[in-house]
Amino acid sequence: MKVSISFCLLILLLSINACKRQEISVPEQIKDISGEWRIVKAVRNGVEITTLTDFTRFRIHFKEGQYNIDNPMPFVVNKNGSYSLDDPAYPLRISFLQTGTDKAISTGFTYPVVNGKRNMVFSFSPGCASNTYLYTLERVAP
Amino acid sequence: MLLFLAGCVFLEKVEQPADARPGEEMTIKMETRIDVADGGRSNVRLIIGFLAPKNWQANANSSITYTTTTYGSGKMIPVPLSVDAGGGQNWPAALKNRFGMGGNFMADDLEWVVFWTEQSYNVPQGVKETINVTIKTMPGQESVQFKTGYFVGTSSEGLSDVFGSNNVYKSRFMDCFTVSDGISDLTDFCNPQIGAVTPGVATDNDLLTISFDPDVVSTALSGEANIYFCAKAYTNTGKVLDVCVQTDQSKLKPYTGRKSAITFWPRAYFSMQEGDILEKIEYFFTDASGTTKVGFSNTANPFVYTFKCQ
């Protein structure tokens, strides 16, 4: 009888211990935008214009804080330079500093996953403020 | 049998000025009436809408007030775009979808401007109330003509056709309305154009779409399969950049309907130097040889597009 009581106590103690909360912290992944990106969708003032002109040759490469653009189109910036994100894990804004200028251009962007692929969506007005463009960029498979 | 009828609305009268001047406030009066036939409504707002060129930025540049006999007076404010007018669309999009843009051309440069009463009301059964709405809005600095359009409805019924179409909302389109003596060439939304440019206001750092409509009048290019863009661009430094070639770059692509269009970035298309700014472009449409040219209103004069913002 004694044995079985001790055994029960042991089980009880183990159970109490088992209920101890264990916190597992999963850090938000740092958003990595490095690589080469192309335009897959372009919208001007709410109307899609992707097929109206050749967006396919535009490329923007992000690498180690620097970016460069091939075959530029109207975009947030047109000249190469450096970039930074406002928050490595939850970036909402990206700042571009074009080489030879001292004023960064900061713009909001989103980073949705579409069909299993990360996209970057930029909204900007390179000409008149009343004209708004929305480009969806997709990473070019390396 | 329907257990209740909705708050039917009526658009009795619209008074708008004969014309307007750029940058000078204009006043439009709408006489509307609401008739709650059976079953009251709570938390209702009156909604009104009107068509305006996008560059008027009428959401920000309009003040709208209303008066009633028994419900007092008040002001109206833009309906937030987060408000669902039905089918997940905001009000401007829903009105465009349902009523169109009044037969205007280049409709992408026009918008429905939609306001509602700042205050919401409880309207019991049997209410018949005339609501006089005064819209004060500010035309932009450009010369423009377009066909005006108006809408009245309520937040409780939206664009519902449960009680038959056109009962709980009303829309009306009117004749061509002109704002003259502006800073720009006339933008004519009322008549189809052989050549049209979108957006209506732009700088050389925008993407311009210039379209050719073969169905407006018969031209020397009627029946041509391929149309080319032939242009001269004028900079603020006095340079004239001439790009009149017939290549894949200058060839118009299929656009809406039977129209074709070229969409380009002027700074790149005209190989501009840094620091130069484009003031205007003059252009023709040509055939593949470049010898047959069509200009403004089917003449030998070029079309002109002047770069400007607000």
Side-chain angles (χ1 to χ4, degrees), chain A residues 37-60 68-81 96-108 110 112 121-137, chain B residues 53-61 81 89-90 92-93 96 106-112 140-142 197-211 229 248-256 259-269 272 274 277-278 306-310:
Chain A
W37 297 76
R38 63 190 179 104
I39 298 169
V40 290
K41 187 178 178 186
V43 172
R44 178 184 61 201
N45 296 336
V47 177
E48 183 166 356
I49 56 169
T50 316
T51 58
L52 297 186
T53 190
D54 187 5
F55 287 98
T56 61
R57 293 173 342 117
F58 174 95
R59 291 286 184 281
I60 184 164
N68 56 70
I69 296 173
D70 302 331
N71 304 308
M73 293 292 279
F75 188 56
V76 184
V77 283
N78 297 324
K79 285 186 283 185
N80 299 338
F96 294 97
L97 183 63
Q98 303 182 95
T99 305
T101 65
D102 52 9
K103 202 177 162 207
I105 299 173
S106 168
T107 185
T110 57
V121 181
F122 290 95
S123 169
F124 54 95
S125 295
C128 289
S130 57
N131 295 328
T132 306
Y133 299 75
L134 209 63
Y135 285 178
T136 304
L137 272 60
Chain B
K54 277 187 182 165
N55 61 26
W56 288 16
Q57 298 186 307
N59 264 311
N61 292 324
L81 292 180
Q89 289 184 310
N90 61 44
K96 181 176 183 177
M106 302 177 287
D108 286 344
D109 288 331
L110 295 171
E111 64 183 342
W112 277 103
Q141 297 295 332
E142 300 81 25
V197 186
T198 303
V201 296
T203 74
D204 58 21
N205 206 30
D206 272 299
L207 279 169
L208 276 194
T209 297
I210 297 188
S211 62
F229 179 67
D248 271 355
Q249 294 291 311
S250 66
K251 190 164 107 177
L252 276 62
K253 293 166 177 266
Y255 193 46
T256 55
K259 291 179 201 166
S260 52
I262 182 168
T263 298
F264 63 100
W265 178 24
R267 293 204 67 83
Y269 193 84
M272 288 177 62
E274 202 171 316
I277 294 169
L278 281 193
T306 308
F307 291 96
K308 63 191 184 280
C309 289
Q310 296 308 325

Query raised in the report: Would you say Asp206(B)'s side chain and Cys128(A)'s backbone share a donor-acceptor pair under 3.5 angstrom?
Result: yes
Query raised in the report: With no hydrogens and no angle check, is any side-chain donor or acceptor of Asn205(B) less than 3.5 Å from a backbone partner on Pro74(A)?
Result: no
Query raised in the report: Under a 4.5 Å heavy-atom cut-off, does chain A meet the side chain of Ala202(B), its backbone, both or neither?
Result: both
Query raised in the report: By a 4.5 Å heavy-atom criterion (distance strictly below it), what part of Glu274(B) contacts chain A: side chain, backbone, both, or neither?
Result: side chain
Report summary line: On a heavy-atom basis, the closest approach of Asn131(A) and Val201(B) is ND2-O, 2.8 Å
Query - Exercise: identify the closest heavy-atom pair between Met73(A) and Leu207(B) - result: CE-CD2, 4.2 Å
Query raised in the report: More than 12 non-hydrogen atoms from neighbouring residues, nucleotides or ligands closer than 6.0 Å to NZ on Lys96(B), yes or no?
Result: yes
Query raised in the report: Can you tell me if CD on Gln249(B) sees more than 12 non-hydrogen neighbours from other groups inside 6.0 Å?
Result: no
Requested in this report: Tell me, for Ser125(A) versus chain B, whether the close heavy atoms (under 4.5 Å) come from the side chain, the backbone, both or neither.
Outcome: neither
Query raised in the report: Which answer fits Phe55(A), side chain, backbone, both or neither, if we ask what part of it has an atom under 4.5 Å from a heavy atom of chain B?
Result: side chain
Query - 4.5 Å side-chain heavy-atom contact, Tyr269(B) and Thr53(A) - result: no
Query raised in the report: Just checking, any donor-acceptor pair under 3.5 angstrom between side chains of Arg44(A) and Thr209(B)?
Result: yes
Query raised in the report: What distance do Lys54(B) atom NZ and Ser130(A) atom OG have between them, rounded to the nearest 0.5 Å?
Result: 9.5 Å
Query raised in the report: Hey, what do you get for OH (Tyr255(B)) to CD1 (Ile49(A)), rounding to the nearest 0.5 Å?
Result: 9.5 Å
